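In what follows, a single structure is set out as structure tokens and then discussed.
In this text the structure is predicted, and so the values were computed from the model without any measurement. Both counts, for ligands and for their atoms, begin at 1 and track the order of listing. Below, all heavy atoms of this structure are taken into account, side chains as well, without hydrogens, waters or symmetry copies.
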Amino acid sequence: MNGNNRPEQWGTRLGFILATMGSAVGLGNVWRFPTTVVRNGGGAFIAVYLLIILAVGVPIMIAELALGRASQRNVVATYGALGPGGRWRFAGTVSLTTAFIILSFYAVIAGWTFVYLLASASGDLAGRSPEALERTFAALTTRPLVAVPATAAFMAATVAVVSGGITRGIERVNWVLMPAIVVLLTILAVRALLLPGGVAGAVWLLTPRPELVTLRVGLEALGQVFFSFSLGMGAVLTYGSYLPRTANIPQSAIMVSLADLGVALLSALIVIPALFSFGIEPGVGPGLLFVTLPSVFQAMPGADVWSTLFFAMLGAAALSSSVSMLEVVVAHVVDERGLDRMTASVVVGGGAFLVSLPSALSGAALATADFVASSVLLPVGGLLTVLFVGWVWGARTARAEVELGAAGTWLLGVWTVLIRYVIPLAIAYVFVSGIRG
Ligand code: TRP
């Protein structure tokens with residue numbers, strides 16, 4: 001039934017893995033992870049995070065890749081084709097909507113990254129006090145003449161990559177961006193650890209404090225894994241739909257997960273030692289990246305160089321993620337509306353830009369979009385994914401799909417139990433207790 005391979009597939013195995021790593025590695029790692037760690041007691045959070053990666057992150061990533069590869073279609077058509085009578089298409093529509101909303105506010109934050117990159121490189125930030133930097137950032141959200149063009153520029157870059165197609169657009173860009181991100185992060189982390197007092201920050205980060213583990217920590221860890229692993233909105237599923245049958249899905253999922261975890265830890269090893277060294281309380285939210293860190297850079301010798309490297313890295317990480325969100329919707333429009341890829345990318349990217357305007361003009365609108373998408377729609381999308389794979393498409397069919405290209409092992413038996421019982425119950429529990437506050 002689902003034999004018609006797509007005309008376009010990933011050029012190479014490593015290209016696919018780099019692109020999926022690119023989707024996962026983004027603002028979520030560099031900004032959201034360090035703040036979440038700080039809020040939840042450092043080492044205590046890391047232990048829970050590792051557990052949730054193993055029990056939830058890797059299994060759902062495997063499930064999404066298997067779904068996409070089995071159907072070779074966009075997310076809506078995947079749920080339609082693999083479920084009875086097309087009745088599950090709504091689950092795909094939820095994913096598509098989430099992708100579109102996340103793209104809209106993600107592009108605003110990424111646009112700020114472009115602004116700070118230019119300001120650092122041109123020496124415009126040089127010598128600004130923390131208070132001045134605070135005003136600089138506040139001005140961004142009240143001065144539409146900067147934030148809106150910056151959002152437009154970032155969206156245009158995303159459209160340019162996606163319109164190039166899978167191999168010549170998305171894959172090619174990630175061959176460049178991913179190694180660049182890892183090199184820049186490593187340089188920055190070494191620099192941060194060498195700051196006076198930097199090592200104390202690292203020790204705080206890595207010291208387990210089991211007494212701080214609460215339900216709330218579990219909840220935050222679950223949300224963070226969804227966001228950081230790009231799960232629950234069809235991005236990994238769509239990338240999986242361009243995979244050949246011979247690809248080893250579990251191995252790919254493990255490599256991507258390790259890379260994402262590694263980048264999150266490296267980012268925390270930049271941010272937290274730097275904060276410790278300068279005795280700064282980490283700001284929560286985007287203020288961490290756009291006020292606190294620039295203040296730290298300005299207090300270091302060679303401020304403009306470090307600041308430029310950091311924002312270049314951040315922009316690269318954001319771009320490799322945003323292309324995966326746009327691709328979810330573009331793949332759907334290309335498959336089902338018969339538009340060519342170029343037109344589809346421009347139309348969807350243009351639409352996402354319009355929807356991003358409230359977020360570009362108001363921090364409150366951005367926070368609302370983030371809450372609705374990240375705290376409500378992502379867990380719902382994740383829950384629908386595991387229920388569909390475990391009970392509708394069927395764990396047995398799913399397992400057979402995973403075993404194509406991968407040796408069967410007893411671990412896949414564990415995977416089945418996780419997908420059918422453990423993960424749905426965990427998400428439902430965490431979701432309900434989260435909503436109740
Ligand atoms: N994972 C990316 C980050 O960490 C963001 C992202 C890309 C995403 N695709 C996604 C988040 C899909 C949720 C769902 O910044």
Enumerated ligand 1 atoms positioned under 4.0 Å from heavy atoms of [X]:
| X | answer |
| --- | --- |
| Ser324 | 7 (C), 9 (N) |
| Ser228 | 1 (N), 4 (O) |
| Asn29 | 4 (O) |
| Ala24 | 1 (N), 2 (C), 3 (C), 4 (O) |
| Leu27 | 15 (O) |

Honestly, for Leu378 the part within reach of ligand 1 (heavy atoms, under 4.0 Å) is side chain
Under 4.0 Å between heavy atoms, the region of Met325 that gets near ligand 1 turns out to be side chain
Assign the ring pair [X] / [Y] to parallel, tilted or perpendicular, where the plane angle (0 to 90°) is split at 30° and 60°.
| X | Y | result |
| --- | --- | --- |
| Trp204 | Phe276 | tilted |
| Tyr239 | Trp10 | perpendicular |
| Phe45 | Tyr49 | parallel |
| Phe290 | Phe311 | parallel |

Q) Does a donor on one side chain sit under 3.5 Å from an acceptor on the other, for Ser230 and Ser23? A) yes
Distance only, no hydrogens: is a donor on one side chain within 3.5 Å (strictly under) of an acceptor on the other, for Glu327 and Tyr242? yes
min-distance protein heavy atom vs atom 11 (C) of ligand 1 -> Phe227 O, 3.2 Å
If you scan protein heavy atoms around atom 9 (N) of ligand 1, the nearest is Ser230 OG, 3.2 Å
Based purely on interatomic distance, does Met233 place a nitrogen or oxygen under 3.5 Å from a nitrogen or oxygen of ligand 1? no
With side chain to side chain donor-acceptor pair (under 3.5 Å) as the test, would you mind laying out the steps for Thr385 and Tyr79 before giving the verdict?
CA-CA 9 Å; Thr385 306; Tyr79 283 99; 3.1 Å; yes
Heavy-atom proximity to atom 2 (C) of ligand 1 ranks first, among Gly26, Ser322, Ser23, for Ser23
Q.
For Arg172, I'd like to know if atom CZ has over 12 heavy atoms of other residues, nucleotides or ligands within 6.0 Å.
A. no
